[in-house]
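Heads up: the structure comes next, in structure tokens.
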Amino acid sequence: MKFFLDTAEVEEIRKAVELGICDGVTTNPSLIMKSGRDQKEVILEIAKIVSGPISAEAISEDAEGMVKEAEEFASWAPNIVIKVPMTKEGLKAVRTLKQKNIPTNVTLVFSASQALLAAKAGAAYVSPFVGRLDDISKDGMELVEEIMDIFDNYDFETQVIVASVRDPIHVTESAMLGADIATIPAKVIEKMWKHPLTDKGIAQFLADYEKSKK
Ligand code: E4P
């Protein structure tokens with residue numbers, strides 16, 4: 001299973017790279033806005049430290065505009081993936097970009113039928129948003145399970161990126177379902193390290209070590 005960092009904060013990415021747990025990065029316009037920086041500047045900086053796929057999101061609403069943006073983003077670095085929204089125009093763009101060998105990540109996927117359409121259009125990745133489904137009292141992980149079953153039935157090459165991850169359980173459940181990738185905010189990775197029994201155990205061992213010193 002691959003871990004992507006779901007952030008536009010370069011320092012967060014750098015720390016995950018140092019730990020060997022950053023296989024790629026996803027950004028979106030909200031994350032870029034939060035970073036307070038220009039999209040190109042941030043993506044270029046990320047590309048200096050991450051060799052895996054880096055998703056940059058197109059904001060055009062028509063296929064032609066998306067393809068134009070995609071061609072520009074793809075010129076920034078060899079590992080750029082173009083995020084396109086799950087719309088008819090988005091899927092048209094996916095098809096054209098596939099022919100141009102520019103990989104796409106279809107974002108804002110909320111149903112298995114959307115994921116199936118994206119895979120048939122030739123998306124390299126689909127991103128089901130589990131947290132946003134949980135927010136409206138729908139089980140986001142059920143969607144991931146459905147998509148994994150469908151993709152396994154037909155050997156689609158499209159990889160599943162579990163997105164809108166809100167807690168470590170989303171990550172472990174994704175792993176249990178065999179999802180290819182989870183894109184994870186840094187604050188969720190921080191929670192994955194932690195266990196009170198680990199902290200308690202370390203404190204106990206250190207105390208006993210001190211006591212055992214002659
Ligand atoms: C990543 O590709 C998505 O844009 C991101 O995970 C969305 O997360 P959110 O629902 O917490 O905004």
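Order of appearance sets the numbers: ligands from 1, and atoms from 1 within every ligand.
- Within ligand 1, the atoms closer than 4.0 Å to a non-hydrogen atom of K83 are 1 (C), 2 (O), 3 (C), 4 (O), numbered from 1 in the order shown.
- Taking atom 6 (O) of ligand 1 as the reference point, the nearest protein heavy-atom neighbour is D6 OD2, 2.6 Å.
- Among protein heavy atoms, the minimum distance from atom 3 (C) of ligand 1 is reached at F129 CZ, 3.5 Å.
- Close approach to R166 involves these atoms of ligand 1, each under 4.0 Å from a residue heavy atom: 9 (P), 10 (O), 11 (O).
- A salt bridge is absent between D135 and R132; no separation between the charged side-chain nitrogens and carboxylate oxygens falls under 4.0 Å.
- Ranking the protein heavy atoms by distance from atom 4 (O) of ligand 1 puts N28 ND2, 2.7 Å first.
- Pairing each heavy atom of V94 with each of A121, the nearest pair is CG1-O, 3.6 Å.
- At a threshold of 4.0 Å, the pair D199-K194 counts as salt-bridged, since one of the basic side-chain nitrogens sits closer than that to a carboxylate oxygen.
- In this structure, CH2 on W76 lies 11.0 Å from CD on E41, to the nearest 0.5 angstrom.
- Protein heavy atom closest to atom 8 (O) of ligand 1, with residue, atom name and distance, is S164 CA, 3.5 Å.
- Under the 3.5 Å distance criterion, the side-chain polar atoms of T27 are matched with a main-chain donor or acceptor of S55.
- Among all non-hydrogen protein atoms, the one lying nearest atom 12 (O) of ligand 1 is R132 NH2, 2.8 Å.
- Between R14 and E11, at least one side-chain N (NZ, or NE/NH1/NH2) sits under 4.0 Å from a carboxylate O, which counts as a salt bridge.
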